Amino acid sequence: MAIELIPFNFTTILLIFSSFIFLLIKARRSKQKSHQNLPPSPGKLPVIGHLHHLVGDLPHRALQRLSKKHGAVVYLQLGEVPAVVISSREAAKEVLKVQDPGCADRPQSIAGKILWYDYTDIAFCAYNEYWRQMRKICIVELLSTKNVKSFAHIRQDEASSLIRSLQSESSSGHAVNLTEKIFTFTSSITCRAAFGGVVTDRAVLIEMFKEAVAMAGGFELADLFPSWKPLHLFSWSKYKLQRMRAKLDAILDRLVEEHKSKQSGEFGGEDIVDVLIRMQGSGELKFPITTDNIKAVIFDMFVAGTETSSSTTVWAMSELMRTPRVMQKVQAEVREALKGKTAVEESDVEGMKYLKLVVKETLRLHPPIPLLPRQSREECKVGGYSIPVKTRVMINVWSMGRDPNYWDNPEIFCPERFLNAPKEMDFVGNDFEFIPFGSGRRICPGLNFGLANVELPLAKLLYHFDWKLPYQGTMSASDMAESDGIAVSRKTPLLLVPTVCNPVLATS
Ligand code: HEM
């Protein structure tokens, strides 16, 4: 859990001591005016509330443990911040459907404020008219089904580079860092589709974005004690974020300037940055936008579009390596469908039913965003309990995907479960025990783009290569450990040895 420690010296100790007393008095006062009919809670400590229940484990795992003990709707006091954890499909439906838009805000965090330009992007933005306008522009200009289809040649081009680079490295017989390769593939597609070319400073952008994702988890000490200003003044993370923001600004300013001097879309037309610049100048927008707003959206697209898809592909390969039965079955499907071909086309992938089930099963076990981050905009009722206004609502998508009440043998990677399920289940936001893309008004607008960025490379990896672990034996549970942060990927890179099976020609 990303709780940052501030450096210790005499002043710090004095500050911590005096604020402890201040918070103790505040906690006593707020206890007196506590809400009626709140959901059940575990034991609480003065000042820190329930924070100690989250220490030592990743948030989605710690919250699953609490829900098993206290129920599907649990109330927590995280420092000063009221929070509710949702862990059943019925309660998730109430939050995301019945109460939507009552729970459609996002919780605020220092990372969101600094790196996403005062929350003027889409993902961290509050639920308001500005958000609606920006989300609509991004869907129409970038993420619609038609647009996603039109980017097929970019995906094809980048997937072929990925395969060629793996093919040339495979001759050494050494392991390749598949996590890195897939990440480069996905970030190149996002950059080319959204910004018209691979950004010159992409490596710096990637580094920043990785740190941002780790820090945007929202469990920073300063985020949990918003009224305690000295903590904000001395927050080490805040200074780190401000330094990152200065670097980010320089890169994004350059990107915007380049777009102002010429249109950069892949077809010589407009990309999303060109569109936003044009709209900024037209004066026709209901909510006029600044260059900072454009930069917020650019960073959003890069962050939201890259990590989610690449970590899904990497988790899929990890699960396949652990489950030889499924690996053989999916490779057989892919190879049968492509018999005699030297290259994999997107239209070929359409008919690969088992491959699609593999992706579905991967998203059940490894939703890239395990806790949907929402915040109540008004007092609402969930599971018969009251959720006060401005409560952080965390929907534990990860734990619902592994709940034995909904899934047989939930820890087993078994794509066939979706064929044998009593009802057809999909991830488009209607089956609330399986919502890797979220649901309701804030459902992921990049669903089609994301899936396309997972299915094609996966089909290619399985068609062109056989895969081995770089050591004898099988992958252990610790090999599947998860990283910290708002988006959860593998903690360690996936290292695998590829052997060429169906070679790719130099020209394809
Ligand atoms: C496998 C791929 C992906 C997964 C699993 C995923 C998952 C999610 C989830 C769970 C949310 C929060 C939804 C909610 O609160 O209900 C979200 C939001 C979002 N996603 Fe994705 N995503 C993926 C790919 C993408 C891509 C490729 C893009 C764009 C290039 C994208 C852009 C966004 C944006 C802008 C939001 C914020 C929406 C809002 O707050 O209104 N995502 N995504």
Side-chain angles (χ1 to χ4, degrees), residues 137-168 178 180-200 202 205-206 255 258-259 262-276 278 297-298 301-302 304-310 312-313 316 334-335 337-352 355-356 359 444-465 502-508:
I137 296 174
C138 282
I139 292 177
V140 173
E141 303 294 341
L142 179 70
L143 301 172
S144 68
T145 316
K146 187 172 136 245
N147 281 322
V148 171
K149 279 206 174 118
S150 77
F151 299 137
H153 75 284
I154 302 181
R155 272 188 298 277
Q156 198 56 259
D157 199 25
E158 291 297 333
S160 298
S161 309
L162 167 72
I163 299 304
R164 274 197 301 273
S165 116
L166 286 168
Q167 186 167 300
S168 80
L178 204 55
E180 202 177 282
K181 296 269 180 206
I182 291 174
F183 197 88
T184 305
F185 160 79
T186 321
S187 69
S188 302
I189 292 182
T190 311
C191 286
R192 284 178 64 182
F195 320 137
V198 174
V199 180
T200 331
R202 186 180 56 177
L205 206 54
I206 288 175
L255 188 76
E258 277 165 19
H259 278 74
K262 64 173 170 46
Q263 279 191 356
S264 338
E266 278 270 332
F267 311 105
E270 288 183 318
D271 59 39
I272 182 81
V273 185
D274 295 319
V275 171
L276 288 168
R278 173 167 53 76
V297 172
I298 297 176
M301 289 301 120
F302 188 74
T306 303
E307 177 72 6
T308 46
S309 314
S310 65
T312 304
T313 314
V334 171
R335 289 173 185 182
L338 300 168
K339 225 183 209 161
K341 290 199 174 186
T342 48
V344 184
E345 303 291 330
E346 262 187 6
S347 51
D348 298 321
V349 179
E350 271 318 297
M352 296 179 184
L355 179 102
K356 286 174 187 276
V359 173
C444 175
L447 190 153
N448 290 321
F449 193 21
L451 279 181
N453 292 350
V454 173
E455 289 171 355
L456 181 70
L458 195 56
K460 288 206 176 223
L461 293 174
L462 298 173
Y463 179 63
H464 291 290
F465 303 99
N502 290 300
V504 65
L505 301 180
T507 49
S508 54

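Here the structure is a predicted model, which means the values were calculated and not measured. For this chain, numbers begin at 1 and follow the sequence in order.
Under the side chain to side chain donor-acceptor pair (under 3.5 Å) criterion, Gln156 pairs with Lys460, not counting sequence neighbours. Ser144 is linked by a side-chain contact (heavy atoms from CB on, under 4.5 Å) to Lys146, Asn147, counting only residues two or more places apart in sequence or in another chain. For Glu350, there are no side chain to side chain donor-acceptor pair (under 3.5 Å) partners at least two apart in sequence or on another chain. When the salt bridge (charged side-chain N to carboxylate O under 4.0 Å, His left out) test is applied to Lys149, no partner is found at least two apart in sequence or on another chain. Considering only residues two or more places apart in sequence or on other chains, Asp157 meets the side-chain contact (heavy atoms from CB on, under 4.5 Å) condition with Arg192. Partners of Phe302 according to the ring pair (Phe, Tyr, Trp, His ring centres under 6.0 Å) rule, which considers only residues two or more places apart in sequence or in another chain, are Phe209. In this structure, Glu180 has no salt bridge (charged side-chain N to carboxylate O under 4.0 Å, His left out) partners at least two apart in sequence or on a different chain. A search for side chain to side chain donor-acceptor pair (under 3.5 Å) contacts involving Asn502 returns nothing, not counting sequence neighbours. Here Thr312 pairs with Thr362, Leu363, Pro368, Val454 under the side-chain contact (heavy atoms from CB on, under 4.5 Å) rule; sequence neighbours left out. Residues satisfying the ring pair (Phe, Tyr, Trp, His ring centres under 6.0 Å) criterion with Tyr463, sequence neighbours excluded, are absent altogether. Residues that satisfy the side chain to side chain donor-acceptor pair (under 3.5 Å) test with Thr184, not counting sequence neighbours, are absent from this structure.
Taking 4.5 Å as the limit, every side-chain heavy atom of Val275 sits out of range of all side-chain heavy atoms of Leu142. Taking 4.5 Å as the limit, every side-chain heavy atom of Ile272 sits out of range of all side-chain heavy atoms of Ile298. Taking 4.5 Å as the limit, every side-chain heavy atom of Glu258 sits out of range of all side-chain heavy atoms of Val273. Using a 4.5 Å cut-off on side-chain heavy atoms (C-beta onward), Val297 and Ile137 make no contact.
At least one donor-acceptor pair closer than 3.5 Å links the side chain of Arg155 to the backbone N or O of Val148.
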